[in-house]
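Working notes, structure below.
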2 protein chains.
Amino acid sequence: MTTHPDPRFQAAADTPAGQLARQLYGLASVRRELGKVANAELPGHGFGALVSVRKREHARVSDIAADLQVDLSVASRQIAGLVAAGLVERQPDPADGRAHVLALTDAGITALRAAFLEMVARLDQSLADWAPEEITQLAAGLERLATSFNAVAATSADADADTDSADQEVAA
Amino acid sequence: MTTHPDPRFQAAADTPAGQLARQLYGLASVRRELGKVANAELPGHGFGALVSVRKREHARVSDIAADLQVDLSVASRQIAGLVAAGLVERQPDPADGRAHVLALTDAGITALRAAFLEMVARLDQSLADWAPEEITQLAAGLERLATSFNAVAATSADADADTDSADQEVAA
DNA sequence: AGAAGAATGCTTGCTGCAAGCAACTATAGC
DNA sequence: GCTATAGTTGCTTGCAGCAAGCATTCTTCT
């Protein structure tokens, strides 16, 4: 179309960050299908919570919520679903009567492994013609991206709860 | 942070595809926040639809649905929202009375650019210490991933000769 | 040619799921 | 006791999908 060429916009779109933004948004369908595969055999969207529980030993619901960056109530319900399904064990924290300590059950470990393998299988279909080091390189890049991105999120959260006006330098 | 070493799980996680799977799933919060930024000023989750309308000239609702890989009804409602907001124009197709031809209005172009610039701005905060070529490399990897992934999806879903105009251009 | 019937493009009503907020309970710590 | 913290649950909202419906176009049979 290019009805009204906008130099400022063009410049931003061709920026490395602009290219990355485009690709990240285009990843929507990939992530959705992968999520479907991952959660197929789990209650709700439990996969993320399952992974999160596995990551730390004395996980508490609030830890999971912080890790997934969702509301505490969301984490609470996801964990409740996983407990009901026998995938997570919830025991009173001996050190704090309000809290619960979470851990995967054997069934939970099995389920997590199965879900993970399904994801990998689905990915492998698409990565048939990729070199292993290309895949690991992409994975490394994504890991770094997530780290960088979450670091900024944490910083701006610390700075102020106000999220609207604090951060934008759109102007050129 | 693993307390009970699980060799089998670790082995699965350490394959290249396994690493990629983990990182893709870990991208949830990144994509969510980026989506929030992108859709902040738009009705519903309109950004994707807006991009999709922008990509092709004589877009129809079914084209958008296919492009976004969502149900036709979802696309219909998103487009309706964008039309109501004055960002998309919907005119009867002169060649087919059942169909509508979609196009961005000037306001739509403006809104799309603004949303895109917001996304880029948010990303730039996180990418401050990245080398430009690292960013472009990651973007290229993601583009290839999306291509590979959607190719498999298309094959398994329905062998469709829908090899129309090239995709992935937010900028114009 | 013309009409019946199938197919297409899209919209809309209904349902289900998941997320967030707010209110509540129970415990902790001063 | 008084306040903060951990967690659960009720309520609301919003988005997605299915299925039914409407209007239009295509097909085909006579």
Side-chain angles (χ1 to χ4, degrees), chain A residues 28-29 31-33 35-36 38-50 52-53 56 58-85 88-103 157 161 163, chain B residues 28-29 31-33 35-36 38-40 42-50 52-53 56 58-85 88-103 157-158 160 162:
Chain A
S29 59
R31 267 204 42 82
R32 187 167 13 172
E33 182 173 339
K36 238 187 268 180
N39 292 295
E41 306 292 333
L42 300 174
H45 287 179
F47 181 78
L50 219 47
S52 191
V53 170
R56 62 190 79 212
H58 300 300
R60 289 147 74 131
V61 176
S62 49
D63 294 328
I64 308 302
D67 188 35
L68 301 179
Q69 302 186 277
V70 297
D71 191 81
L72 183 61
S73 66
V74 173
S76 175
R77 278 185 248 261
Q78 284 186 351
I79 295 296
L82 293 171
V83 169
V88 167
E89 221 175 15
R90 176 168 43 182
Q91 292 182 335
D93 188 336
D96 187 335
R98 299 166 299 180
H100 300 285
V101 175
L102 306 173
T163 50
Chain B
S29 59
R31 267 204 43 82
R32 189 170 11 177
E33 182 172 340
K36 238 188 270 179
N39 290 296
L42 300 174
H45 287 178
F47 182 77
L50 218 47
S52 192
V53 171
R56 59 189 80 210
H58 300 297
R60 292 147 76 129
V61 176
S62 50
D63 294 327
I64 308 302
D67 188 36
L68 301 179
Q69 301 187 279
V70 297
D71 192 81
L72 183 60
S73 65
V74 173
S76 175
R77 279 185 250 261
Q78 284 185 351
I79 295 296
L82 293 172
V83 169
V88 167
E89 223 176 14
R90 176 167 45 181
Q91 291 182 335
D93 188 335
D96 187 336
R98 298 166 300 181
H100 300 285
V101 175
L102 305 173
D158 190 355
D160 193 33
D162 179 78

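A, B, ... follow the sequence lines: proteins, then strands. Residue 1 opens every chain. What you are looking at is a predicted structure, and each value in this text was computed from that prediction instead of being measured.
In this structure, A:Asp93 contributes its side chain and A:Arg98 its backbone to no donor-acceptor pair below 3.5 Å.
Spacing between atom CG of B:Asp71 and atom C1' of C:dG16 amounts to 14 Å, rounded to whole angstrom units. Spacing between atom CZ of B:Phe47 and atom C1' of D:dG14 amounts to 20 Å, rounded to whole angstrom units. For the pair A:Leu42 CG and C:dC17 P, the interatomic distance rounds to 15 Å; values are reported in whole Å. Atom CG in B:Leu72 sits roughly 8 Å away from atom P in C:dT11 (whole-Å rounding). Atom CD1 of A:Ile79 is separated from atom P of D:dT9 by 14 Å (rounded to the nearest Å). Rounded to a whole Å, the NZ atom of A:Lys36 is 13 Å from the P atom of C:dA18. Straight-line distance from the NE2 atom of B:His100 to the C1' atom of D:dA23: 10 Å, rounded to whole Å. Counting to the nearest Å, the C1' atom of C:dA19 and the CD atom of A:Gln69 are 15 Å from each other.
You won't find any donor-acceptor pair under 3.5 Å spanning the side chain of B:Ser62 and the base of C:dC10, going by distance alone. At a cut-off of 3.5 angstrom, counting only N and O atoms as typed in the model, there is a donor on one side and an acceptor on the other between the side-chain of B:Ser73 and the base of D:dC18. The base of D:dG17 lies close enough to the side chain of B:Arg77 for a donor and an acceptor atom to sit less than 3.5 Å apart.
When the nearest nucleotides of DNA chain D are assigned to B:His45 and B:Asp96 by heavy-atom distance, the more 5′-ward of the two goes with B:His45. Comparing A:Arg98 and A:Gly44 by the nucleotide of DNA chain C whose heavy atom lies nearest to each, the residue mapping closer to the 5' end is A:Gly44.
Nearest nucleotide to the A:Val74 side chain, out of D:dG17, C:dA19, C:dC10: C:dA19. Between D:dG17, C:dG20, C:dA19, one nucleotide has an atom nearer to the side chain of A:Gln78 than all others, and that is C:dA19.
A:His100 has its side chain out of reach of A:Ile79: every pair of non-hydrogen atoms, C-beta onward, lies at least 4.5 Å apart. Residues A:Asn39 and A:Leu42 are in side-chain contact: their nearest non-hydrogen atoms beyond the backbone lie under 4.5 Å apart.
B:Asp93 comes within 4.0 angstrom of no nucleic acid atom, judged by non-hydrogen atoms across all strands. Nucleic acid contact class of B:Arg90 (heavy atoms, under 4.0 Å, all strands): sugar-phosphate only.
The distance from the CG atom of B:Asp71 to the OG atom of B:Ser76 is 9.5 Å, given to the nearest 0.5 Å.
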- Message: Would A:Leu68 and A:Gln78 count as a side chain to side chain contact (heavy atoms under 4.5 Å, CB included) here? Give the steps.
- Response: CA-CA 11 Å; A:Leu68 301 179; A:Gln78 284 186 351; 3.9 Å; yes

